[in-house]
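See structure below.
Position 1 is the first residue of the sequence, and the numbers go up from there.
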Amino acid sequence: IDHDFERFLGIKKCNTELDAIERIHDLLNKEKDNRHKYYLIGTAPTSPIGIFYIYNYKEKYKTCDIGIGFSKRYRGKNLCTNFITEICEHLIKQGINRIGIEVETTNVNSIAVCDKKLLKRGFEYEGIRRNSYGLGINSFVYSIIAQKIRI
């Protein structure tokens, strides 16, 4: 697992590989008020290629946000776009009306995925959320409405 992915998963400070695996399993089992769920991407739990998560789920409004991250060697292979599209289709079939994605304004690669690929598949740019990742760390917000998804 590369350093960015370790930081993203919160395992950078783990002393051993077993500690890191335990941290990953804790994430997979973590649910806060039934609003957060984490899933590993890959074929083996000890060597994930990415992580996908659903958060800010609001049952009353049928909305949620999603996040995704791949380790470096799997980036740039169109996996993210295809995975997001497939997950959105699945969530919409389950009755979700709006799915949001937030991207740090400094994350050039993720912004390119959103601007060049997800916009073509029905996502819309909503605007900037200020201080969403801490003081002075802003994010771009994109979303898709159930009727607008395109493959």
Side-chain angles (χ1 to χ4, degrees), residues 1-2 4-12 20-45 48-72 74-151:
I1 299 176
D2 63 64
D4 290 340
F5 198 50
E6 287 177 349
R7 185 177 51 83
F8 182 77
L9 292 172
I11 61 174
K12 189 170 180 122
I21 291 169
E22 185 176 324
R23 167 69 181 147
I24 290 169
H25 285 283
D26 286 345
L27 280 175
L28 293 175
N29 294 321
K30 179 181 178 181
E31 289 191 36
K32 298 177 185 174
D33 303 324
N34 293 323
R35 295 177 46 191
H36 296 72
K37 189 67 180 171
Y38 294 81
Y39 303 90
L40 287 180
I41 302 168
T43 56
I49 66 167
I51 190 166
F52 167 76
Y53 52 101
I54 299 171
Y55 64 104
N56 291 336
Y57 171 66
K58 296 176 182 146
E59 185 175 3
K60 180 179 179 180
Y61 303 110
K62 302 293 184 205
T63 64
C64 69
D65 294 321
I66 60 173
I68 190 168
F70 282 95
S71 62
K72 279 186 183 169
Y74 294 97
R75 295 178 195 156
K77 300 181 186 307
N78 212 29
L79 294 172
C80 189
T81 306
N82 293 334
F83 194 83
I84 288 172
T85 301
E86 191 172 317
I87 291 298
C88 287
E89 289 172 355
H90 183 70
L91 289 170
I92 288 168
K93 285 178 185 173
Q94 291 183 11
I96 299 295
N97 295 316
R98 179 197 176 275
I99 303 164
I101 294 178
E102 241 183 87
V103 178
E104 277 188 51
T105 56
T106 58
N107 189 337
V108 178
N109 293 333
S110 293
I111 293 167
V113 167
C114 290
D115 287 344
K116 294 178 182 174
K117 297 184 179 184
L118 294 182
L119 291 178
K120 292 177 183 175
R121 296 190 181 194
F123 277 82
E124 293 182 24
Y125 172 73
E126 290 187 352
I128 296 176
R129 180 173 286 157
R130 298 181 320 168
N131 296 330
S132 59
Y133 289 97
L135 189 60
I137 305 172
N138 302 326
S139 63
F140 294 124
V141 179
Y142 300 83
S143 69
I144 189 163
I145 306 302
Q147 297 86 356
K148 299 211 175 189
I149 195 163
R150 294 186 292 275
I151 298 175

If the condition is side chain to side chain contact (heavy atoms under 4.5 Å, CB included), which residues does Asp115 pass it with, not counting sequence neighbours? Ile111, Leu119, Tyr142

Asn131 side-chain N/O to Gly136 backbone N/O, donor-acceptor pair under 3.5 Å: yes

Would you check if there is a donor-acceptor pair between the side chains of Ser139 and Glu104 at a distance under 3.5 Å? no

If I compare all heavy atoms of Ile99 with all of Phe123, which pair ends up nearest, and what's the gap? O-CE2, 4.0 Å

Between Leu118 and Ile84, does a side chain to side chain contact (heavy atoms under 4.5 Å, CB included) hold up when you go through it step by step? CA-CA 9 Å; Leu118 294 182; Ile84 288 172; 4.0 Å; yes

Shortest non-hydrogen contact between Gly122 and Ile144, atoms and distance: O-CG1, 3.6 Å

One should read off an interatomic distance between Phe83 CZ and Tyr74 OH, to the nearest 0.5 angstrom, of 14.0 Å

Here the gap from Cys114 atom SG to Ile101 atom CD1, rounded to the nearest 0.5 Å, amounts to 5.5 Å

Would Ser132 and Glu102 count as having a side-chain donor-acceptor pair, cut-off 3.5 Å? yes

Please assess Ile96 against Tyr57 for the test side chain to side chain contact (heavy atoms under 4.5 Å, CB included), listing each intermediate value before the final yes or no. CA-CA 9 Å; Ile96 299 295; Tyr57 171 66; 3.5 Å; yes

Gap between atom SG of Cys80 and atom CD1 of Ile68 - 0.5 Å precision: 4.5 Å

Measuring from Asn56:CG to Asp65:CG, what's the distance to the nearest 0.5 Å? 4.5 Å

Exactly one candidate in Asn78, Thr81, Asn82 meets side chain to side chain donor-acceptor pair (under 3.5 Å) with Lys117; the answer is Asn78

Any chance the side chains of Glu86 and His90 put a donor and an acceptor closer than 3.5 Å? no

Mind checking the CZ-CG spacing from Arg130 to Leu135? Nearest 0.5 Å is all I need. 11.0 Å

Can you find a side-chain donor-acceptor pair between Arg121 and Thr85 that sits under 3.5 Å? yes

Thr105: partners by side chain to side chain contact (heavy atoms under 4.5 Å, CB included), with sequence neighbours left out: Asn138, Phe140

Could you tell me the separation between the OH atom of Tyr53 and the CD1 atom of Ile66, rounded to the nearest 0.5 Å? 9.5 Å

Report the C-alpha distance between Tyr61 and Asn97 in whole Å, list the side-chain angles of each, state the deciding distance to 0.1 Å, and finish with yes or no for side chain to side chain contact (heavy atoms under 4.5 Å, CB included). CA-CA 8 Å; Tyr61 303 110; Asn97 295 316; over 6 Å; no

Derivation and outcome, salt bridge (charged side-chain N to carboxylate O under 4.0 Å, His left out), residues Arg98 and Glu126: CA-CA 12 Å; Arg98 179 197 176 275; Glu126 290 187 352; 3.0 Å; yes

